[in-house]
Protein chains: 2
Amino acid sequence: MQHQKLATIEDVAAIAGVSIATVSRAINEPGKVADETRRRVTEAVAKTGYTTNAMARSLRMRRSNMILILAPDVGDPNFSNILVGLETEASKRGYGVLIGNTQNDPSRETDYLRFISSNQADGLILFTGHLPYGFGQQHGEARLPPIVAVNEPVPNSDVPYVGVDNFEGARVATEHLISQGHKRIAFIGHSTSKAVNVLREKGYRAALDGAGISIDPRLILDGDGTTESGRAAAEHMFVRDVLPSAFFCVNDATALGVIIALNTRQYVLPRDFSIMGFDDISFASFVTPALTTMKQPRLKIGEAAMNVLLALLEGKPSTQPETLLRAELIVRSSVSRAGRGE
Amino acid sequence: MQHQKLATIEDVAAIAGVSIATVSRAINEPGKVADETRRRVTEAVAKTGYTTNAMARSLRMRRSNMILILAPDVGDPNFSNILVGLETEASKRGYGVLIGNTQNDPSRETDYLRFISSNQADGLILFTGHLPYGFGQQHGEARLPPIVAVNEPVPNSDVPYVGVDNFEGARVATEHLISQGHKRIAFIGHSTSKAVNVLREKGYRAALDGAGISIDPRLILDGDGTTESGRAAAEHMFVRDVLPSAFFCVNDATALGVIIALNTRQYVLPRDFSIMGFDDISFASFVTPALTTMKQPRLKIGEAAMNVLLALLEGKPSTQPETLLRAELIVRSSVSRAGRGE
DNA sequence: TCCGTCTATGTAAACCTTTACATGATTCAT
DNA sequence: ATGAATCATGTAAAGGTTTACATAGACGGA
């Protein structure tokens, strides 16, 4: 009773009194079949509950209508919201979504290639920022399928990229601080190694330039995007006693670190200092003070990325190398007007 | 150049000078093949970069080595951490993981059945708390594959369930409050419609019973698990002026609502009131005061659920109808010793 | 020496589609 | 009336495996 022998196209053909080719056509290209025949087939399908066997179809057609999504950490909330967009769009177009958690482990990355090399997936979405280890090796190794990178671009490649416009978002964020009267604005999270950090810093600089505010290098501090690095950077400023009136942090996690440092030093926020984050991760609205930040359009990023990939799969040449979506300014309470004329 | 015609088992057979049957055996049942032959096949595989076509294999073997995961909201952080466990365990055993976001939409649920009925997935993990709409209909409709329910059991069914032990967790949480000297402990989140809420309330009652504390029905308030319902419930207590010294909330979201209500009323926490949550969602450590709560073993839940499903797939009879995992008490700062002798 | 057993391998069917090509009927233009 | 073109359908191959069954050789015991 486990497997009650599902109806095949042959059963349908027998009942409808036609050949299996006609059944296939009636289902996939209804226009190519006479009205009366189509009716009989439809009826037979209904009677048997026939549903076409995806395996046989994939084998014959050499494609699976599946998309493989590779991410270093599937548990990352930032990822999962983008996933919703990816999945929604894929499902709309009849594609299924396969996920692989690489944990930045090369052997796991290689392992997932089997989905590609055995035709189990037609396309690939990468959150890892690099091609899976083992790709494009010698002959016989997995060929490159259509690929789209999300969040982290793949350097030195022509893989199309979809993500938030970090430069523009950082500029808007910094301009918001400027519009509140801030002139001494720190940037926490300088890093030459992460593309995201670099772009956001550029946006920060562009905003200050645009407002004719000269940049004080002592207000630009290193960070790696973690809460701890944010805390350490803020602490460092107090030790050196070079203080800003506002902190623009490379991301919300860093901003949280800054808030912790300032709270620890008994400052009242946002009276004494303003803080601006980037990302709008889920806890941003729960910190005290609630974090003013730039919201990543995660759903849209997912949808856009999947659409780019599906276009590629349909053979449409990739239109543009990257698709950038705007971040949205979310005003909460961690930013106030500059007080002491700084 | 798109498809460079991957090597097939036939190519390997030709190079190794054996039949395709032998190649298949050399790969899948190495013991059944002579050492020398096995060596030649292995060599030929290496030379061609052969990798078995999963579609053909699935077609022949009538199983896909894929698991379909259906969840109402894939973006839910609670889900995504469980997903990590599910995926890890599946991947270890050579299974792929397919995900479907139902958004509680019956038509989407039905839509995903195609994966089952076309043999694209061998088993099903359900987060939805009910069988997909359209299941078990008349003949021809999708047959039930092996299924495991996670987080929300499927009522009136024999679907095995894996989740946290809500009763036990709630008891431990309440006992913790009691151990801190609290006697007037409110329960926020009473509901007869959600299994989770009912179980947690039972745990709460059991702890009070165990400590010989009589239950004041006025301290048990309705809620649906949302932050707003928590805020409203706390507010309600002040209006009626029936006050506890501690709040045990059905989940962290509710606890957040209570904290917001108390902060708004200018109480100092946890000096004036203690608050205990359940779940340990990501923001729990960032609220002020940081929330003491019961941590769900999400990773383990995922792993356990997948293992139950895989056992089912291997034909092992389901051992027990439900697998309950213990929640862990996470002490932060929202609970303090009872102050005013209450 | 002969027979039965065991081992290693090969042959071919089955899994279920899609689709190139063939066929026969019908329509249309000349 | 005839040939070409169009249309609806059928036949059969191809897609790449796994595996039941067949075969043949080696081996051991009587």
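Here is the naming used below: chain letters follow the sequence lines, and residue numbers restart at 1 for every chain. Predicted model, so just to flag it, every value in this text is computed and none were measured.
Only B/V33, B/A34, B/T37, listed by number, bring a heavy atom of residues 27-39 of chain B to less than 4.0 angstrom from any atom of DNA chain C.
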Side-chain donor-acceptor contacts of residues 15-23 of chain B below 3.5 Å, not counting sequence neighbours, with atom names and distances?
from	atom 1	to	atom 2	distance (Å)
B/S19	OG	B/A21	N	3.4
B/S19	OG	B/T22	N	3.4
B/S19	OG	B/T22	OG1	3.3

Going by atom type alone, with no hydrogens or angles, which donor-acceptor pairs under 3.5 Å involve a side-chain atom of residues 69-78 of chain A and a protein atom two or more places apart or on another chain?
from	atom 1	to	atom 2	distance (Å)
A/D73	OD1	A/G75	N	2.8
A/D76	OD1	A/N78	N	2.9
A/N78	OD1	A/R298	NH1	2.6

May I have the list of side-chain donor-acceptor pairs in residues 144-158 of chain A shorter than 3.5 Å, sequence neighbours left out?
from	atom 1	to	atom 2	distance (Å)
A/S157	OG	A/V154	O	2.9
A/S157	OG	A/V159	N	3.2

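By the neighbour-count criterion of 12 heavy atoms within 6.0 Å, atom CD of B/Q103 is densely surrounded, having more than that number from other residues, nucleotides or ligands.
Among the nucleotides D/dG15, C/dT17, D/dT17, the one closest to any side-chain atom of B/T52 is D/dT17.
A/Q120 has its CD atom 13 Å from the C1' atom of D/dT17, to the nearest Å. If you take CE of B/M61 and P of D/dG15, they are 22 Å apart, rounded to a whole angstrom. For A/R40 and D/dA8, the CZ to C1' distance is 12 Å, given to the nearest whole Å. Whole-Å rounding puts the A/R57 CZ to D/dA14 C1' distance at 17 Å. Summarising the geometry, the separation between CE on B/M55 and P on D/dG16 is reported as 12 Å, rounded to the nearest angstrom.
For the residue pair A/N53 and B/R62, no side-chain donor N or O sits within less than 3.5 Å of a side-chain acceptor on the partner. Judged by distance alone, the side chains of B/N307 and B/R93 do bring a donor and an acceptor atom under 3.5 Å apart. A donor-acceptor pair shorter than 3.5 Å can be found between the side chains of B/D122 and B/S64.
Considering every non-hydrogen atom in both A/Y112 and B/S91, the closest pair reads OH-OG, 3.6 Å.
Residue B/T8 is in sugar-phosphate contact alone, with no base atom involved, counting any heavy-atom pair closer than 4.0 Å across all strands shown.
By the ring-ring contact (aromatic ring centres under 6.0 Å, His included) test, A/F79 pairs with A/F127, sequence neighbours left out. Shown here are the salt bridge (Lys or Arg N to Asp or Glu O under 4.0 Å) partners of A/R38, two or more places apart in sequence or in another chain: A/D35. Judged as a salt bridge (Lys or Arg N to Asp or Glu O under 4.0 Å), and not counting sequence neighbours, the contacts of B/E89 are B/K92. Applying the salt bridge (Lys or Arg N to Asp or Glu O under 4.0 Å) rule to A/R39 yields the partners A/E36, A/E43; only residues at least two apart in sequence or on another chain are considered.
Recorded end-axis angle for the helix from C/dT1-D/dA30 to C/dT30-D/dA1 stands at 50°, based on five pairs per end and rounded to 10 degrees.
Applying the salt bridge (charged side-chain N to carboxylate O under 4.0 Å, His left out) test to every pair with at least one member in residues 111-120 of chain A, sequence neighbours left out, gives these pairs: A/D111-A/R114.
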Taking only nitrogen or oxygen atoms into account, show me every contact under 3.5 Å that the protein makes with nucleotides 25-27 of chain D, one pair per line with its distance.
none

What does the list of N/O pairs under 3.5 Å between the protein and nucleotides 10-14 of chain C look like, with a distance for each?
from	atom 1	to	atom 2	distance (Å)
C/dG10	OP2	B/S19	N	2.8
C/dG10	OP2	B/S19	OG	2.9
C/dG10	OP2	B/T22	OG1	2.6
C/dG10	N7	B/R25	NH2	2.8
C/dG10	O6	B/R25	NH1	3.4
C/dA14	N3	B/R60	NH1	3.2

